[in-house]
Trainee: 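Take this structure first; my questions come after.
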Amino acid sequence: MPEPLRVRFPPSPTGHLHVGGARTALFNWLFARHHHGTYVLRIEDTDLSRSTEEYTQSLLEALRWLGLDWDEGPPTPGYRQTERFDVYRTHALRLLAEGKAYRCRCTPETLEALRKTAEARKETFRYPGTCRGANVPASEPHALRLAIPREGETVVHDVVRGDVAFSHAELDDWILVRTDGTPTYNFCVVVDDVTMRITHVIRGNDHLSNTPKQVLCYEALGYPLPAFAHIPMILAADKTRLSKRHGATSVLAFRDMGILPEAMVNYLARLGWSHGDQEIFTRQELVEHFDLAHVGSADAVFDLEKFKWVNHQWIMRLPAERLARELAPFLDRAGLPAPRDLAWLGRVVETLRERARTLVEMAEQAVFYLKAPAAYDPQATAKFWKDHAPERYALLIKRLEAQETMDPGALEGLYRFLAADLGLKLVDLAQLTRIALTGKAASPPIFEVVSILGKPETLARLRTAAAAVGAPR
RNA sequence: GACCCCGUCGUCUAGCCUGGCCAAGGACGCGACCCUUUCAAGGUCGAGAUCGCGGGUUCGAAUCCCGCCGGGGUCACCA
């Protein structure tokens, strides 16, 4: 029986979706899909000065690219906080009417002075509750504060961390609504989660300390609490919070790096969650196995090397046709001539997939398929362009001209026969051909290359090389 | 600084709840060898963690308890 479970991902459109946010989105999505629940996307755009429509679109694009589809959210109206001010107002007014919140006329300047004094005394500043019993008239400029219990403690029952207790002495009467009438983040989150009937709040561990404040707000409002699950954070190699200075951190940047969405999802899922020794998961497997019980509690370092390995695994697994479609834009971006057609590009991909960890690498390795070498690698020519090279090229050209079938097996037969005939090793002929066709000493299996390039192109490149090696160098 | 969280190979992690199967398993990366037309891929082997440290409980602790240290997070009329 499907449970009426509802989770949400609430990004702030103040930047592109970064890996930490993506992982939070993923865990929520996996949890929802695993339990056949509802996944809600909410845009937290109350910070008007930093939120932009461009970032909102970028966020949606990243989520779509990852395949994290949402059941509720934009473009349906009502899922942006800026559209919900009435809801916050209603709740704030109710709290005020019930005496659970009060007007505060303390100015930011006054508060700042108190904060400085506390700091000077090496104490932690907390709002002393000056206006709590003052009954500040509504006509005066005022903020709205939540009246929290002075005594006792609030225990957060966290699904991944267990019970975490916070003494009320550590908390204060925090602001629900600013003097300018805008609601604060913590208040919005509570009202949104309540009105959107969220049952499980899965978010980064950096929110754990804010949770008791929110719990107190739920209680003041008289609403049942959702289950909280604070997941470990993703750190950079230096164990500090991942940020721009650590290089690519935005999901879209990884896409542009030639990372496949399958790999991104796979790698992110394994950061902080595990299923025995399994490393590679399809989306279906993730949905099937994901559970909060196996979410770890220690923060994880983002390791680009392992990430690329996961990507490589996916490059090796995906159908060539799909890879060809993914690769095409990268070829285009590199300014290369268009491939003959998608099927042909699929053959190219087959020869490259075990050699490339990213699509960018694959595009680099695909260059010679689309363009004759403009130059030959000096190290390669130094090693293989010996005195006998011209005659061997001539021989190769002659034999290939007479060759009918261009399938790799037949070509290998031809080369092996010729090598034996000349008393040479296969490698001697193979490397000469490789240099002529690719310009380098390393490439995919050369008979595959010849076959894909086709007879006319192969012969043309062989002749060019023969001319180059014959010419005085 | 106060409060809170976290601490197993360089990194991601299994194991911890329900002590013994762990002289700690897998993966990335690294080294060697094998395979081989090159490069990869693949295969085999190897180096790499006295389970942050110190006490305790116990016949027995990575696993339970206490203290300490280290790292991170939160302390806004930011989100």
Side-chain angles (χ1 to χ4, degrees), chain A residues 10-12 14 44-47 49-51 81 104 106-108 111-112 115 118-119 121-126 142-145 156 158 160-162 164-167 169-172 174-186 188-189 204-213 230 232-233 235 237 239-241 267 270-280 293-294 296-310 312 316 351-356 365 380 384 412 415-416 419 425-431 433-435 438 440-447:
Chain A
S12 250
T14 54
E44 307 214 325
D45 57 353
T46 49
D47 185 352
S49 60
R50 292 194 299 149
S51 300
Q81 291 186 326
C104 168
C106 299
T107 62
L111 264 19
E112 192 48 41
R115 200 186 319 276
E119 248 169 61
R121 272 187 275 164
K122 297 203 162 202
E123 285 168 8
T124 302
F125 170 76
R126 285 183 200 87
H142 63 270
L144 206 64
R145 286 182 185 272
V156 176
D158 191 276
V160 330
R161 269 150 237 280
V164 185
F166 295 85
S167 166
E170 303 295 335
L171 275 18
D172 64 3
W174 54 282
I175 291 179
L176 302 171
V177 181
R178 301 183 186 95
T179 306
D180 67 5
T182 59
T184 61
Y185 165 78
N186 282 118
C188 292
V189 167
N205 193 224
D206 48 338
H207 290 282
L208 182 55
S209 302
N210 277 327
T211 308
K213 292 163 74 171
H230 288 91
M233 317 211 28
L235 271 24
K239 300 255 187 187
T240 65
R241 212 178 185 136
Y267 181 69
R270 280 287 289 105
L271 233 38
W273 175 81
S274 63
H275 181 67
D277 288 337
Q278 191 171 345
E279 298 283 354
I280 304 301
H294 289 87
S297 40
D299 294 343
V301 171
F302 187 88
D303 181 11
L304 190 58
E305 286 303 309
K306 182 152 186 180
F307 186 17
K308 284 184 177 175
W309 174 80
V310 171
H312 186 204
M316 292 209 279
T351 71
L352 260 22
R353 69 194 321 165
E354 60 198 29
R355 278 156 253 271
Q365 293 167 3
F384 296 102
E412 181 169 351
Y415 269 70
R416 285 198 186 279
K425 284 196 251 173
L426 183 59
V427 63
D428 298 320
L429 260 24
Q431 288 302 74
T433 308
R434 201 182 309 278
I435 292 171
T438 74
K440 301 192 179 97
S443 85
I446 198 61
F447 308 118

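In what follows, every chain begins at residue 1, and chains take the letters A, B, ... in the order their sequences are listed.
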Trainee: Without decimals, in angstroms, what is the distance between Phe125(A) CZ and U74(B) P?
Mentor: 19 Å
Trainee: Quick one: side chain to side chain donor-acceptor pair (under 3.5 Å) partners of Tyr267(A), sequence neighbours excluded?
Mentor: none
Trainee: Write out a two-atom table: protein N or O, nucleotide N or O from nucleotides 67-70 of chain B, distance below 3.5 Å.
Mentor:
none

Trainee: Could you check whether Arg416(A) pairs with Glu412(A) (Lys NZ or Arg NE/NH1/NH2 to Asp/Glu carboxylate O, under 4.0 Å)?
Mentor: yes
Trainee: For the pair made of CG in Asn205(A) and C1' in U74(B), what is the distance, rounded to whole Å?
Mentor: 10 Å
Trainee: Could you verify whether a donor N or O on one side chain and an acceptor N or O on the other, from His230(A) and Ser297(A), lie under 3.5 Å apart?
Mentor: no
Trainee: Contact class for Leu111(A) (heavy atom, under 4.0 Å): base, sugar-phosphate, or nothing?
Mentor: base
Trainee: Roughly, in whole Å, what's the span from CG in Asp47(A) to P in C77(B)?
Mentor: 14 Å
Trainee: Please give the distance between the C1' atoms of U8(B) and C22(B) as a whole number of Å.
Mentor: 12 Å
Trainee: Heavy atoms under 4.0 Å, any strand shown: does Asn210(A) hit a base, just sugar-phosphate, or nothing?
Mentor: base
Trainee: Rounded to the nearest angstrom, tell me the gap between atom CG in Leu171(A) and atom P in C4(B).
Mentor: 11 Å
Trainee: With rounding to whole Å, what would you report as the distance between U38(B) and C33(B) at their P atoms?
Mentor: 15 Å
Trainee: Assess whether a salt bridge exists between Lys308(A) and Glu305(A), defined as any Lys/Arg side-chain N lying under 4.0 Å from an Asp/Glu carboxylate O.
Mentor: no
Trainee: Using side chain to side chain contact (heavy atoms under 4.5 Å, CB included) as the criterion, list what pairs up with Ala430(A), not counting sequence neighbours.
Mentor: Arg434(A), Ile446(A)
Trainee: Identify, with sequence neighbours excluded, every residue that meets side chain to side chain contact (heavy atoms under 4.5 Å, CB included) alongside Ser167(A).
Mentor: Ala169(A), Glu170(A)
Trainee: Taking donor-acceptor contacts at under 3.5 Å, does the side chain of Thr179(A) reach the base of C77(B)?
Mentor: yes
Trainee: Hey, does the side chain of Arg241(A) come within less than 4.0 Å of U74(B)'s phosphate (OP1/OP2), counting only N and O?
Mentor: yes
Trainee: Please list, chain by chain and in numerical order, all residues satisfying salt bridge (charged side-chain N to carboxylate O under 4.0 Å, His left out) with Lys440(A), sequence neighbours excluded.
Mentor: none
Trainee: Go ahead and name the base partner of A14(B); Watson-Crick or wobble counts if both distances stay under 3.5 Å, otherwise write none.
Mentor: none
Trainee: Could you state the atom-to-atom distance from CZ of Arg115(A) to C1' of G1(B) in whole Å?
Mentor: 15 Å
Trainee: Scan every strand shown for a Watson-Crick or G-U wobble partner of G1(B), both distances under 3.5 Å, and answer none if you come up empty.
Mentor: C75(B)
Trainee: G29(B) and G20(B): how far apart are their C1' atoms, nearest whole angstrom?
Mentor: 34 Å
Trainee: Can you list everything that forms a salt bridge (charged side-chain N to carboxylate O under 4.0 Å, His left out) with Arg161(A)? Sequence neighbours excluded, please.
Mentor: none
Trainee: For Cys104(A), report the nucleic acid contact type (base, sugar-phosphate, nothing); a contact means any heavy atom under 4.0 Å.
Mentor: nothing
Trainee: Among residues at least two apart in sequence or on other chains, which ones pass ring-ring contact (aromatic ring centres under 6.0 Å, His included) with His294(A)?
Mentor: none
Trainee: What does C68(B) pair with, Watson-Crick or G-U, if both distances are under 3.5 Å?
Mentor: G52(B)
Trainee: Check whether any side-chain N or O of Thr46(A) sits under 4.0 Å from OP1 or OP2 of A79(B), and answer yes or no.
Mentor: yes
Trainee: Take atom CD1 of Ile175(A) and atom P of C75(B), then tell me their distance rounded to the nearest Å.
Mentor: 13 Å
Trainee: Can you tell me the pairing partner of U44(B) across any strand shown, Watson-Crick or G-U wobble, with both distances under 3.5 angstrom?
Mentor: A32(B)
Trainee: Under the rule for side chain to side chain donor-acceptor pair (under 3.5 Å), what residues qualify as partners of Asp428(A), not counting sequence neighbours?
Mentor: none
Trainee: Let me know the distance between CZ of Arg161(A) and C1' of C6(B), rounded to the nearest Å.
Mentor: 7 Å
Trainee: When rounded to the nearest Å, what value does the distance between C1' atoms of U50(B) and A62(B) take?
Mentor: 11 Å
Trainee: Taking ring-ring contact (aromatic ring centres under 6.0 Å, His included) as the definition, give me every residue that meets it alongside Phe384(A), ordered by chain and number, with sequence neighbours left out.
Mentor: none
Trainee: Look for any protein N or O under 3.5 Å of an N or O in nucleotides 11-13 of chain B and output each such pair with its distance, or none.
Mentor:
unit_1: C12(B); atom_1: OP1; unit_2: Val301(A); atom_2: N; d: 2.9
unit_1: C12(B); atom_1: O2'; unit_2: Arg270(A); atom_2: O; d: 3.2
unit_1: C12(B); atom_1: O2; unit_2: Lys306(A); atom_2: NZ; d: 3.3
unit_1: U13(B); atom_1: OP1; unit_2: Gly272(A); atom_2: N; d: 2.3
unit_1: U13(B); atom_1: O3'; unit_2: Ser274(A); atom_2: OG; d: 3.3

Trainee: Taking only residues two or more places apart in sequence, or in another chain, which ones meet Glu44(A) in a salt bridge (charged side-chain N to carboxylate O under 4.0 Å, His left out)?
Mentor: Arg42(A)
Trainee: I'd like to compare against my own output: the B/S/- annotation of nucleotides 36-45 of chain B with a strict under-4.0 Å heavy-atom distance to protein.
Mentor: -BBBBSS---
Trainee: Assess whether a salt bridge exists between Arg241(A) and Asp206(A), defined as any Lys/Arg side-chain N lying under 4.0 Å from an Asp/Glu carboxylate O.
Mentor: yes
Trainee: Could you give the distance separating A47(B) and G25(B) at their P atoms, to the nearest angstrom?
Mentor: 11 Å
Trainee: For nucleotides C30(B) and G71(B), find the distance between their P atoms and express it as a whole number of Å.
Mentor: 30 Å
Trainee: Atom CG of Leu208(A) to atom P of C75(B): distance rounded to whole Å?
Mentor: 12 Å
Trainee: If you look at every strand shown and take non-hydrogen atoms under 4.0 Å, does Thr14(A) touch a base, only sugar-phosphate, or nothing?
Mentor: nothing
